[in-house]
Amino acid sequence: MSEADSTRQMNLYRNLALALSFLALVGWGTAYFARASAAVQQQLREEVAQLKASQDQILTERDQAKAQVAQLSAERDEAQAQVAAAQQELTGLQKRLEEAQKASVTGSVPAPTPSSKPARPSEGQKQKSVSTEPRLPP
């Protein structure tokens, strides 16, 4: 029986060595997986940081674009107000022109309508009025 005991003991050691080898392989595999997982985690953290920086930059650009839109909108409103004022002035000038044309046809002169701007004689008119004064003979 000693041979049977030695065979049994040999099988026990062999099975124990196989089990320990298997556990060692599992341990090394787990360590490798943990290291690879940590590297992937670090890479993912870096990508998240880059994405946050990109998001912040895009948000800043969006805010700048909104400010530009607001400024352009204000400029557009101002331009529209100027166009409306110019149209009103044009309408008034057209009415005055029609009245002047009617007056030239009928020969009557309507009462002048006050203008929003005082009339300024041009340089040519000033010189003309000075030169057309009647001169007395000597």
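Screening K95, Q101, E99 for a side chain to side chain contact (heavy atoms under 4.5 Å, CB included) with L97, the sole residue that qualifies is Q101.
Atom CG of L44 sits about 10.5 Å away from atom CG of L51, to the nearest 0.5 Å. To the nearest 0.5 Å, the span separating CD on Q68 from CD on E61 amounts to 10.5 Å. Taking CG of L25 as the start and CG of L20 as the end, the distance is 11.0 Å to the nearest 0.5 Å. The distance from atom CG of L16 to atom CD of Q9, rounded to the nearest 0.5 Å, is 11.5 Å. Atom CG of L18 is separated from atom CZ of R14 by 8.0 Å, given to the nearest 0.5 angstrom. The CD atom of E78 sits 5.0 Å away from the CD atom of Q82 when rounded to the nearest 0.5 Å.
More than 12 heavy atoms of other residues, nucleotides or ligands shown are found within 6.0 angstrom of CZ on R76.
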* Step by step, work out the side-chain contact (heavy atoms from CB on, under 4.5 Å) result for L90 and Q94. => CA-CA 6 Å; L90 180 63; Q94 285 175 341; 4.0 Å; yes

* To do: Kindly determine whether Q80 and D77 satisfy side-chain contact (heavy atoms from CB on, under 4.5 Å), including the steps that lead there.
  => CA-CA 5 Å; Q80 285 177 341; D77 293 343; 3.8 Å; yes

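Of the possible donor and acceptor atoms, none in the side chain of S37 sits under 3.5 Å from a partner among the backbone N and O of A34. For the pair S73 (side chain) and V69 (backbone), a donor-acceptor distance under 3.5 Å is absent.
Looking at R8 and L12, their side chains never come closer than 4.5 Å, going by heavy atoms from C-beta outward.
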